[in-house]
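Quick one: structure below, then a few questions.
Remember, it's 1-based here, ligands and their atoms both numbered in the order they're listed.
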Amino acid sequence: MNERVLVTGSYGQIGTELTLKLRSLYGDTNVIATDISPAPETLEVSGPCRYLDVTDPRQVTALTVENKITRIYHLAAILSGNGELNPQKCWDVNMNGLYNILETARTWKVKQVITPSSIAAFGPDTPKENTPIDTILRPTTMYGITKVAGELLNEYYKQKYGLDARSLRFPGIVSHEAEPGGGTTDYAVDMYVKAVAGETYSCFVTGETTLPFLYMPDALNALLQLSAADDSKLVHRTFNVTGFSASAADIADAVNRRIPGFSCSFEPDFRQIIAESWPRSIDDGDARNEWGWKPAFDLEKMSDDMIARLRDKK
Ligand SMILES: NC(=O)c1ccc[n+]([C@@H]2O[C@H](COP(=O)([O-])OP(=O)(O)OC[C@H]3O[C@@H](n4cnc5c(N)ncnc54)[C@H](O)[C@@H]3O)[C@@H](O)[C@H]2O)c1
């Protein structure tokens with residue numbers, strides 16, 4: 001049977017690149033890009049783009065049925081920084097959106113649903129180093145609360161209805177194609193963008209703040225590899241994945257070594273507390289064991305690539 005893939009939140013940081021990758025895998029016309037904001041040109045010219053508000057169950061069902069969808073990558077969400085500015089909206093989009101997707105998938109026999117979770121599922125009581133999958137999950141942000149509840153909802157649909165729902169806890173994603181969408185790790189992207197533009201940067205966390213990160217090519221591979229993984233080998237339904245850990249000062253230094261004269265100051269705002277509630281490093285051993293996860297990029301390799309790609313775009 002022909003695969004028909006629905007991507008929600010397609011025009012965000014991850015969706016913009018994931019949709020193109022899925023189109024090269026499944027065929028341009030078989031991947032329906034959806035969002036509530038205007039489509040970027042790259043997606044509009046390469047395949048179908050539709051308006052879809054995931055908080056409206058009728059829209060989710062109609063689009064799924066009309067397009068005979070077999071797989072869903074559910075990326076529509078309000079991220080951590082924006083979620084703290086509007087917690088009610090964060091709950092509505094992240095929880096009701098996921099519920100509508102899972103209910104539609106269950107009812108219309110969609111084969112698989114992949115949903116990113118986040119290191120925001122962890123909280124200040126979670127062990128900070130080499131954090132495993134199964135640990136204390138007591139987040140203090142609305143975003144984190146929706147991610148923990150979302151992971152559990154995915155698992156519920158698997159055990160109750162047999163729906164093949166899978167999830168990945170992403171760390172901060174660094175990329176050069178689409179702008180990041182209001183998360184707590186956006187500063188990592190901003191540093192490269194500002195440096196290549198010849199501008200200074202004021203970072204909104206302290207230099208010592210250390211978090212796990214993943215470069216976009218690795219993040220896309222993680223989503224596709226998890227989707228393709230043999231179900232019988234999966235012990236978990238939610239996985240930790242990470243590329244490397246770095247402090248904000250480490251990243252500024254990596255940029256500075258490549259673009260001498262780049263000046264970065266550190267002026268923490270409300271996102272400092274969010275960053276401090278998350279782990280500094282992540283144990284992704286279960287993803288490695290259960291579906292062969294292995295990232296390709298560390299901080300140095302990523303910095304070379306980010307700067308080269310951003311210079312190409314100028
Ligand atoms: N980017 C990261 O660093 C990161 C880290 C961890 C987890 N994640 C997760 O990955 C997923 C994708 O993240 P992203 O970085 O691409 O986010 P993003 O903010 O860049 O994109 C999200 C998209 O969702 C859309 N959206 C918002 N409300 C919607 C609604 N009601 N209906 C349909 N679309 C709606 C937005 O217009 C936006 O294009 C999210 O689940 C996020 O929590 C991202």
Side-chain angles (χ1 to χ4, degrees), residues 6-21 32-40 43 49-60 63 72-83 85-86 88-101 113-122 139 141-151 153-154 166-190 211-216 218-220 222-223 226 238-243 271 274-275 278-279 282:
L6 166 63
V7 185
T8 72
S10 266
Y11 313 154
Q13 188 190 5
I14 297 174
T16 301
E17 295 195 49
L18 178 68
T19 303
L20 289 176
K21 191 132 185 160
I32 323 294
T34 69
D35 205 304
I36 52 170
S37 43
L43 296 192
C49 291
R50 302 276 179 275
Y51 181 90
L52 175 63
D53 180 346
V54 294
T55 63
D56 181 349
R58 283 165 310 177
Q59 286 182 38
V60 175
L63 209 133
I72 301 177
Y73 284 82
H74 175 48
L75 306 180
I78 304 298
L79 272 65
S80 55
N82 286 344
L85 298 175
N86 193 342
Q88 293 72 20
K89 186 175 175 195
C90 181
W91 175 268
D92 186 31
V93 174
N94 296 9
M95 289 319 305
N96 295 328
L98 177 61
Y99 177 76
N100 293 337
I101 291 290
V113 177
I114 303 278
T115 317
S117 183
S118 162
I119 56 162
F122 303 119
T141 59
M142 180 58 93
Y143 176 66
I145 291 166
T146 66
K147 288 302 182 186
V148 175
E151 290 177 5
L153 201 58
N154 268 319
R166 306 179 182 192
S167 182
L168 280 174
R169 278 184 199 142
F170 275 142
I173 306 292
V174 181
S175 69
H176 50 79
E177 199 56 45
E179 276 179 30
T184 300
T185 52
D186 293 3
Y187 63 87
V189 175
D190 295 343
L211 288 170
F213 289 95
L214 196 57
Y215 193 36
M216 185 63 87
D218 280 331
L220 300 181
L223 287 164
L226 176 63
T238 299
F239 292 89
N240 287 353
V241 285
T242 186
R271 288 165 283 193
I274 303 178
W278 295 350
I282 296 291

Between Pro171, Gly183, Ser118, Gly172, flag the one that comes closest to atom 5 (C) of ligand 1 by a heavy atom.
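It is Pro171 whose heavy atom sits nearest to atom 5 (C) of ligand 1.
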I'd like to know whether Ser167 forms a side chain to side chain donor-acceptor pair (under 3.5 Å) with Ser117, so could you lay out the CA-CA distance, the side-chain angles of the two residues, the decisive distance to 0.1 Å, and finally the verdict.
CA-CA 6 Å; Ser167 182; Ser117 183; 4.7 Å; no
Numbering as shown, the atoms of ligand 1 that approach Ala76 to under 4.0 Å (heavy-atom distance)
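Matching atoms, with element in brackets: 24 (O), 33 (C), 34 (N), 35 (C).
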Atom 9 (C) of ligand 1 [closest protein heavy-atom partner, distance rounded to 0.1 Å]
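Among all protein heavy atoms, the one nearest atom 9 (C) of ligand 1 is Pro116 CB, 3.7 Å.
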If you measure every N/O of Ser37 against every N/O of ligand 1, is any gap under 3.5 Å?
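Indeed, backbone or side chain, Ser37 has an N or O that close.
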Please state which option from Asp35, Thr185, Val60, Leu18 has its nearest heavy atom closest to atom 38 (C) of ligand 1.
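Result: the heavy atom closest to atom 38 (C) of ligand 1 is in Asp35.
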Of all the non-hydrogen atoms in the protein, which one sits nearest to atom 12 (C) of ligand 1, and at what distance?
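Scanning the protein heavy atoms, the shortest distance from atom 12 (C) of ligand 1 goes to Leu75 O, 3.4 Å.
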For atom 16 (O) of ligand 1, closest protein heavy-atom neighbour
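The answer is Ile14 N, 2.9 Å.
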Distance from atom 29 (C) of ligand 1 to nearest protein heavy atom, with residue and atom:
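Result: Ile36 CD1, 3.5 Å.
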Regarding ligand 1, does Ile173 bring an N or O atom to under 3.5 Å of one of the ligand's N or O atoms?
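Looking only at distances, the answer is yes, because the N/O contact criterion of under 3.5 Å is met.
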Among Gly182, Ala77, Gly181, Ala121, which residue places a heavy atom closest to atom 22 (C) of ligand 1?
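Shortest heavy-atom distance from atom 22 (C) of ligand 1: Ala77.
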Quick one: does ligand 1 sit under 4.0 Å from the side chain of Ser117, the backbone, both or neither, non-hydrogen atoms only?
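The backbone, only.
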Just checking Glu177: does its CD atom have more than 12 heavy atoms from other residues, nucleotides or ligands closer to it than 6.0 angstrom?
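Enclosed: over 12 neighbouring heavy atoms sit under 6.0 Å from CD of Glu177.
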Can you find a side-chain donor-acceptor pair between Thr115 and His74 that sits under 3.5 Å?
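Thr115 vs His74: no donor-acceptor pair found between side chains.
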Within the structure, is a non-hydrogen atom of Gly97 found at a distance of less than 4.0 Å from ligand 1?
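The answer is no: ligand 1 sits nowhere under 4.0 Å from a heavy atom of Gly97.
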Closest to atom 17 (O) of ligand 1 among Leu79, Asp53, Ile78, Thr8 (heavy-atom distance):
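Heavy atom nearest to atom 17 (O) of ligand 1 belongs to Leu79.
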Counting only heavy atoms, tell me which of Tyr143, Tyr73, Phe213, Phe170 gets closest to atom 42 (C) of ligand 1.
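Among Tyr143, Tyr73, Phe213, Phe170, the closest heavy atom to atom 42 (C) of ligand 1 belongs to Tyr143.
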Closest protein heavy atom to atom 33 (C) of ligand 1, given as residue, atom name and distance to 0.1 Å
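Ranking protein heavy atoms by distance from atom 33 (C) of ligand 1, first comes Leu52 O, 3.1 Å.
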With a cut-off of 4.0 Å, which atoms of ligand 1 are near a heavy atom of Val93?
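Those qualifying, in numeric order: 28 (N), 31 (N).
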Is any side-chain heavy atom of Lys147 less than 4.5 Å from a side-chain heavy atom of Arg169?
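No. Closest side-chain heavy atoms not under 4.5 Å.
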Within a strict 4.5 Å, meaning less than it, do heavy atoms of the Pro171 and Trp278 side chains meet?
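Not touching, per the 4.5 Å side-chain cut-off.
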Subset of ligand 1 atoms that lie under 4.0 Å from at least one heavy atom of Gln13:
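It comes down to these atoms of ligand 1: 1 (N), 2 (C), 15 (O), 16 (O), 18 (P), 20 (O).
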Would His74 count as a contact of ligand 1 if the rule is a heavy atom under 4.0 Å away?
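Flag not set, His74 not near ligand 1.
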Using a strict 4.0 Å cut-off to heavy atoms of Gly12, name the atoms of ligand 1 that fall inside it.
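In order of numbering, the contacting atoms are 16 (O), 18 (P), 20 (O), 21 (O), 39 (O).
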When you measure from atom 32 (N) of ligand 1 to every protein heavy atom, which one gives the shortest distance, and what is it?
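Going atom by atom, the protein heavy atom closest to atom 32 (N) of ligand 1 ends up being Val54 N, 3.0 Å.
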